[in-house]
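For reference, the structure discussed in these notes is given below.
What you see is a predicted model; the values in this text were computed from it and never measured. Computation of the quantities below employed the complete heavy-atom set of this structure, encompassing side-chain atoms and omitting hydrogens, waters and symmetry-equivalent molecules.
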Amino acid sequence: QVQLLESGGGSVQAGGSLRLSCAASGGAPCMAWFRQVPGKEREGIAGISGAGSTSYSDSVKGRFTISRDIGKNTAYLQMNSLKPEDTAMYYCAAASRRFLSSGSWCYFAARGEYNYWGQGTQVTVSS
């Protein structure tokens with residue numbers, strides 16, 4: 001069992017930056033970030049393997065960067081050039097096995113592969 005704790009959310013103006021952190025209680029081969037707005041499905045936005053392979057959704061590619069510190073069992077999401085449409089609850093997720101999907105290890109959109117979830121941290125971007 002892996003427990004995940006997110007931090008770093010908050011309110012920022014459009015064009016600003018935030019850095020989210022996700023501290024895990026143990027190691028996990030794959031980690032990812034998802035986000036959800038009320039009334040919509042939770043969507044994957046970034047995934048990362050233990051070797052550092054990354055994948056991103058088109059909506060955040062070029063603006064967000066996922067990284068991880070294996071020694072600290074922590075994943076990060078650096079969010080730059082934030083837009084009002086980035087407003088959402090952001091969730092950290094971890095998978096207990098390494099998987100390959102759509103040609104990418106730890107593919108960001110493979111929600112069913114991620115079996116551990118954090119409680120979420122709110123990000124609000126104002127215009």
>> If the condition is salt bridge (charged side-chain N to carboxylate O under 4.0 Å, His left out), which residues does E113 pass it with, not counting sequence neighbours?
In response: R97
>> Checking S17 now: which residues fulfil side-chain contact (heavy atoms from CB on, under 4.5 Å) with it, not counting sequence neighbours?
In response: Q78, N80
> Among all residues two or more places apart in sequence or in another chain, which pass the ring-ring contact (aromatic ring centres under 6.0 Å, His included) test with Y107?
Replying inline: none
>> Suppose the criterion is ring pair (Phe, Tyr, Trp, His ring centres under 6.0 Å): which pairs have a residue in residues 9-31, not counting sequence neighbours?
In response: none
> salt bridge (charged side-chain N to carboxylate O under 4.0 Å, His left out) with R19: which residues, sequence neighbours excluded?
Replying inline: none
>> Apply the hydrophobic cluster definition, ILVMFWY joined by side-chain contacts under 4.5 Å directly or through others, and give me every member besides L100.
In response: W105
> Among all residues two or more places apart in sequence or in another chain, which pass the salt bridge (charged side-chain N to carboxylate O under 4.0 Å, His left out) test with E43?
Replying inline: R35
>> Per the disulfide (SG to SG under 2.5 Å) rule, what does the pair list look like for residues 69-101, sequence neighbours excluded?
In response: C22-C92
> Which residues pass the side-chain contact (heavy atoms from CB on, under 4.5 Å) test with R111, sequence neighbours left out?
Replying inline: F34, R42, W117
> What residues form a side-chain contact (heavy atoms from CB on, under 4.5 Å) with T124, not counting sequence neighbours?
Replying inline: S11, T87, Q122
> What's in the same ILVMFWY side-chain cluster as I45, cut-off under 4.5 Å, chained through other members?
Replying inline: V2, L4, V12, L18, L20, M31, W33, I48, Y56, V60, F64, I66, L77, M79, L82, Y90, Y116, V123, V125
> Which pairs pass salt bridge (Lys or Arg N to Asp or Glu O under 4.0 Å) with one or both residues in residues 67-78, sequence neighbours excluded?
Replying inline: none
